[in-house]
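Presented below is the structure to which this report refers.
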Amino acid sequence: MATFNSSHLKLISIIFIILSIFTSKAISQSDECKTETNNSCNDKKRALTLKIIATVSILVTSMIGVGAPLFTHSIPALNPEKDLFVIVKTFAAGIILATGFMHVLPDSFDMLSSSCLKENPWHKFPFTGFLAMLSAIGTLMVDSMATSIYSNRCNSVGVDPAAESEVVHRDREMGVVESTGHFHGHFHESKAASGGQQLLRYRVIAMVLELGIIVHSVVIGLSMGASNNTCSIKGLVAALCFHQMFEGMGLGGCILQAEYKLLKKIAMAFFFSVTTPFGIALGIGLSNTYKENSPTALITVGLLNASSAGLLIYMALVDLLSADFMGPKLQRSIKLQIKCYIAVLLGAGGMSVMAKWA
């Protein structure tokens, strides 16, 4: 699994760099569309102060959010096997789902239906819905093929992904030494194999989810950093802090279940924490040339938002919520299911309310 870990980090780094280069070139175009704006809100000096405050605040809340599951798992009540962990995870999944539906997707619709874009083809075809659909299908393909490829690779070299799991390893040892012999040993080997497949799924989920979050976090950061509208920045600061904290908790829970080694956990938490602040810093550097109503900027950011929305909606519904609600733990307890449904509604509802300001 060392190859899996290193290739994952390289992929995240490459996407990080490509996004920063591609979007920075796109939003620095000068073909601005003239629209009515509230000039009283445009204050570059005050906006810079707000953006610096936002960068620090978002960085801190992101670190708290993604780090909470990783550093509190030793607390018995927050162990992944406990009910509270599942409830918090479903709450965070609701946050991610609402981010896709209530924030990223509507932004894409607004941008790609802007009056600043040509009537043909942008007003003749629903590009946002089409690209979000393709993104969801593409995420399914990546999800399925990555699981298959890494599973086959592990099987071909005789590596069991669950070998790093202390619990499964202990089960195997018990299967060997039990006095009941052959049957009991095979029972635990089967259990270990099943645990290995589940662990592999957790790792693929963590990888794909982080990549999706990086895409939309860079776009959000760029938009804030390049804007000089103090009215919109004020609302964005509180909304993004809330969003990053609980989205981080969802990602942190996935990283914890993936049972990565400490260095890999730190690397993934680091990338998540710095992505939005990095986008803000990049946007500040481009604020002199940024034209938020230029057709190039609207098309680029609109398409990126649509792709990100499809990925986030798929991940929230299929890999997070469906996987948990259809899993054995929740299927055994209607009471726990109801608690988790309430948690999902609270998370999605809270993030939906935030759409009023961001």
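- Between the side chain of Ser308 and the backbone N or O of Leu304, no donor-acceptor pair lies under 3.5 Å.
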| message | Go through it in stages, so that I can follow the logic: the residues are Lys329 and Asp324, the test is side-chain contact (heavy atoms from CB on, under 4.5 Å), and I'd like the CA-CA distance, side-chain angles, deciding distance and then a yes or no. | response | CA-CA 8 Å; Lys329 187 177 184 65; Asp324 281 337; over 6 Å; no

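- Dense packing is recorded around CZ of Phe125, with more than 12 heavy atoms of other residues, nucleotides or ligands lying under 6.0 Å away.
- Met207 and Leu140 fall within a single hydrophobic cluster, where Ile, Leu, Val, Met, Phe, Trp and Tyr are joined by side-chain heavy atoms under 4.5 Å apart, directly or via other members.
- Panel note: side chain Arg203, backbone Glu259; a donor-acceptor pair is recorded below 3.5 Å.
- Taking OG1 of Thr49 as the reference point, atom NZ of Lys44 lies at 12.5 Å (rounded to 0.5 Å).
- Within the 4.5 Å cutoff, the side chain of His243 has no heavy atoms near those of the His103 side chain.
- With contacts defined as side-chain heavy-atom distances shorter than 4.5 Å, the pair Ile342/Ile87 does not qualify.
- Here Lys339 does not pair with Asp83 in a salt bridge; the nearest charged N to carboxylate O distance is not below 4.0 Å.
- Note that the CE atom of Met224 and the CG atom of Leu236 stand 4.0 Å from one another [nearest 0.5 Å].
- The two atoms that bring Ala355 and Met102 nearest to each other are CB-O, 3.8 Å, heavy atoms only.
- Looking at heavy atoms from C-beta onward, Phe101 lies out of side-chain contact with Met351 at the 4.5 angstrom threshold.
- Without hydrogens or angle criteria, Ser322 side chain to Asp319 main chain gives no donor-acceptor distance under 3.5 Å.
- Using a 4.5 Å heavy-atom threshold, the side chains of Thr276 and Gln244 count as touching.
- With rounding to the nearest 0.5 Å, the separation of CG in Leu97 from CG in Leu321 is 6.5 Å.
- Of all heavy-atom pairs between Cys340 and Leu330, the closest is SG-CD2, 3.7 Å.
- With Ser148 contributing its side chain and Ser144 its backbone, the two residues share no donor-acceptor pair below 3.5 Å.
- For Met133, the CE atom counts as densely surrounded, since its 6.0 Å shell holds more than 12 non-hydrogen atoms of other residues, nucleotides or ligands.
- Note on Tyr260 and Ile205: same hydrophobic cluster, where clusters join Ile, Leu, Val, Met, Phe, Trp and Tyr whose side-chain heavy atoms are under 4.5 Å apart, directly or indirectly.
- Rounding to the nearest 0.5 Å gives a distance of 4.5 Å between CD1 of Ile64 and CE of Met245.
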Practice task
Go through the steps to decide whether Lys264 and Met268 satisfy the test side-chain contact (heavy atoms from CB on, under 4.5 Å), and finish with yes or no.
Solution key: CA-CA 6 Å; Lys264 182 67 179 297; Met268 293 184 72; 3.9 Å; yes

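- Cluster annotation: Leu70 and Leu209 are assigned to the same hydrophobic cluster (Ile/Leu/Val/Met/Phe/Trp/Tyr, side-chain heavy-atom contacts under 4.5 Å, transitive).
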Requested in this report: Start with the C-alpha gap between Ile299 and Phe127, add the side-chain angles, then the distance that decides, and say whether side-chain contact (heavy atoms from CB on, under 4.5 Å) holds.
Outcome: CA-CA 10 Å; Ile299 292 170; Phe127 283 96; over 6 Å; no

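- Looking at Phe325 and Val344, their side chains come closer than 4.5 Å, going by heavy atoms from C-beta outward.
- Expressed to the nearest 0.5 Å, how far CG of Leu105 lies from CG of Asn305 amounts to 9.0 Å.
- Of all heavy-atom pairs between Ser217 and Thr275, the closest is CB-CG2, 3.6 Å.
- At a threshold of 4.5 Å between side-chain heavy atoms, the hydrophobic network of Ile, Leu, Val, Met, Phe, Trp and Tyr places Leu131 and Met141 in one connected group.
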> Which is it for Thr139 and Ser135 under the side-chain contact (heavy atoms from CB on, under 4.5 Å) test, yes or no, and what are the steps along the way?
Replying inline: CA-CA 6 Å; Thr139 306; Ser135 176; 4.2 Å; yes

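- Between Leu211 and Val215, the closest side-chain pair of non-hydrogen atoms is not below 4.5 Å.
- For the residue pair Pro69 and Met249, the shortest heavy atom distance occurs at CG-O, 3.5 Å.
- The two residues Leu320 and Ala93 have their closest heavy-atom pair at CB-CB, 4.0 Å.
- In this structure, CD in Gln337 is found 5.0 Å from CD in Gln331, a value given to the nearest 0.5 Å.
- When every heavy atom of Ile95 is checked against every heavy atom of Gly347, the shortest pair comes out as CD1-O, 3.4 Å.
- A heavy-atom distance below 4.5 Å is found between the side chains of Leu59 and Ser273.
- Taking hydrophobic clusters as Ile, Leu, Val, Met, Phe, Trp and Tyr residues chained together by side-chain heavy-atom distances below 4.5 Å, Ile214 does not share a cluster with Ile266.
- Looking at Glu247 and Phe272, their side chains come closer than 4.5 Å, going by heavy atoms from C-beta outward.
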